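One structure below.
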Amino acid sequence: MRLYARVAAGGFRRYATYRVATAAGVFTNTVFGFIMAYAYIALWEQRPQLGGYDLSQAVTFVWLGQTLLMACALMGGGVEDELIERIRTGDIAVDLYRPADLQLWWLACDLGRAAFHLLGRGLVPLLVGALAFDLALPSSWWTWPAFLLSVVLGAVVGFAVRFLVALSAFWLLDGAGVAQMCWLAGLFFSGMLLPLNVFPGALGEVARALPWSSLLQVPADVLLGERTGWELAGAYAFQAGWAVVLLGAGRLVQAAATRRVVVQGG
């Protein structure tokens, strides 16, 4: 595990070198946070308690979305682009023959990336939002570590989805189309556009059951105090369950891809 800890630290340092890009990202997230916050304010003034949230909770949800946008790669931008490129060029053969697990290696890289973006790109917009609006931030200190654990689980689920998308390039040669479809699904079903609690009927039930809800909706509900006690344990079980299922599926696809490389190489 020491190897993968070093890989994660390397991923953190790698993204920390792009200071100008980080500053531009902070500015962009903050601007979009204000735009979406005022749109939510107009909507909630017409429909108070929409989705079970009051106005303060709804605005807080907006800024949490900007905080987790890059950390959980809600619009893509994780390690999947690099992995797809390595598959397309054939460089992935080198990775498969390394004395390290391919999935754990890229998971460690992505968690290092997520940690940097949470601190470097997500924290400042949340602080700006807290200064500009009356956010429903928790008063209990234990809510914050509970929220961070949910964010970590969400980041793992997000990686597991994108890892499967990247591996599709073994058969499609170019995984850009699948990656774009995954990005659109993640944007909609994570709650980035609107909280999933707002979705009516069967659509809402399906949206909340999909893995993308682990990326934003579940962590947001934990921070907003909507998940406590056994409901909090259920939220963790939901995220962990999707992580296990998707990572397991990734291992099966990885094994099939490895056999494909070995056969072609032989």
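Please read all numbers here as calculations on a predicted model, not as lab measurements.
No path of Ile, Leu, Val, Met, Phe, Trp and Tyr side chains, each step under 4.5 Å between heavy atoms, connects Trp183 with Val178, placing them in separate hydrophobic clusters. Put simply, Phe32 and Leu118 are part of two different groups of oily side chains (I, L, V, M, F, W, Y) that touch within less than 4.5 Å, one to the next. When hydrophobic clusters are built by joining Ile, Leu, Val, Met, Phe, Trp and Tyr residues whose side-chain heavy atoms come closer than 4.5 Å, directly or via intermediates, Leu172 is not grouped with Phe170. Note on Trp242 and Phe159: same hydrophobic cluster, where clusters join Ile, Leu, Val, Met, Phe, Trp and Tyr whose side-chain heavy atoms are under 4.5 Å apart, directly or indirectly. Residues Met70 and Leu74 are members of separate hydrophobic clusters, defined by side-chain heavy-atom contacts under 4.5 angstrom among Ile, Leu, Val, Met, Phe, Trp and Tyr.
Taking the side chain as every heavy atom from C-beta outward, Leu55 and Asp134 never approach each other to under 4.5 Å. Residues Val157 and Leu153 have side chains not in contact (no heavy-atom distance under 4.5 Å, counting atoms from C-beta outward). Looking at heavy atoms from C-beta onward, Asp110 lies in side-chain contact with Arg162 at the 4.5 angstrom threshold. Contact check for Arg227 versus Tyr236: no side-chain heavy atoms found under the 4.5 Å cut-off. Taking the side chain as every heavy atom from C-beta outward, Val124 and Phe27 never approach each other to under 4.5 Å. Side-chain contact between Thr67 and Val151 is absent, with no heavy-atom pair separated by less than 4.5 Å. Between Leu111 and Val156 there is a side-chain heavy-atom pair separated by less than 4.5 Å. Within the 4.5 Å cutoff, the side chain of Trp106 has heavy atoms near those of the Glu82 side chain.
Each of Thr228, Asn197, Leu196, Leu216 was scored for a side-chain contact (heavy atoms from CB on, under 4.5 Å) with Asp221, with one residue passing: Asn197.
Heavy atoms of other residues, nucleotides or ligands lying less than 6.0 angstrom from CD of Gln49 number more than 12.
In this structure, CG on Leu107 lies 11.0 Å from CG on Leu102, to the nearest 0.5 angstrom. For the atom pair CG of Leu119 and CZ of Phe12, the computed distance is 5.5 Å after rounding to the nearest 0.5 Å. The distance from atom CD of Gln66 to atom CE of Met36, rounded to the nearest 0.5 Å, is 6.5 Å. Atoms CG and CD, from Leu194 and Gln217 in turn, are 10.5 Å apart once rounded to the nearest 0.5 Å. For the atom pair SG (Cys72) and CH2 (Trp212), the distance works out to 14.5 Å, reported to the nearest 0.5 Å. Between His117 atom NE2 and Tyr15 atom OH the span is 6.0 Å, to the nearest 0.5 Å.
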**Item:** Ser56 and Asp54: CA distance, side-chain angles, deciding distance, side chain to side chain donor-acceptor pair (under 3.5 Å) verdict
**Value:** CA-CA 6 Å; Ser56 181; Asp54 59 28; 4.7 Å; no

**Request:** Determine, stepwise, if the pair Val198 / Tyr53 fulfils side chain to side chain contact (heavy atoms under 4.5 Å, CB included).
**Result:** CA-CA 9 Å; Val198 175; Tyr53 291 157; 6.0 Å; no

**Verdict with supporting geometry, Arg251 and Leu247, side chain to side chain contact (heavy atoms under 4.5 Å, CB included)** = CA-CA 6 Å; Arg251 287 207 166 274; Leu247 289 174; 5.8 Å; no

**Message:** For a side chain to side chain contact (heavy atoms under 4.5 Å, CB included) check, start with the C-alpha distance between Val253 and Trp171, then their side-chain angles and the critical distance, and finish with the verdict.
**Reply:** CA-CA 11 Å; Val253 177; Trp171 291 270; 3.8 Å; yes

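Between Ala73 and Arg113, the closest heavy-atom pair is CB-NH2, 4.0 Å. Of all non-hydrogen atoms in Leu215 and Ser190, the two that sit nearest each other are CB-CB, 4.5 Å. Pairing each heavy atom of Gln254 with each of Phe163, the nearest pair is OE1-CZ, 3.7 Å. In this structure, Ser213 and Arg208 approach most closely via the heavy-atom pair OG-O, 3.1 Å. The minimum heavy-atom distance between Leu68 and Pro219, with the atom names listed, is CD1-CB, 4.1 Å. Contact detail for Val7 and Ala108: the closest heavy-atom pair is CG1-CB, 3.8 Å.
Taking the six-membered ring where the residue is Trp, the centroids of Phe199 and Phe188 are separated by under 6.0 Å.
Looking only at distances, a side-chain donor or acceptor of Arg86 sits under 3.5 Å from a matching main-chain atom of Asp91.
Note on ring orientation: taking the six-membered ring where Trp is involved, the planes of Tyr40 and Trp44 are parallel (angle under 30°, cut-offs 30° and 60°). Ring planes of Phe133 and Trp63: tilted class, angle from 30 to 60°.
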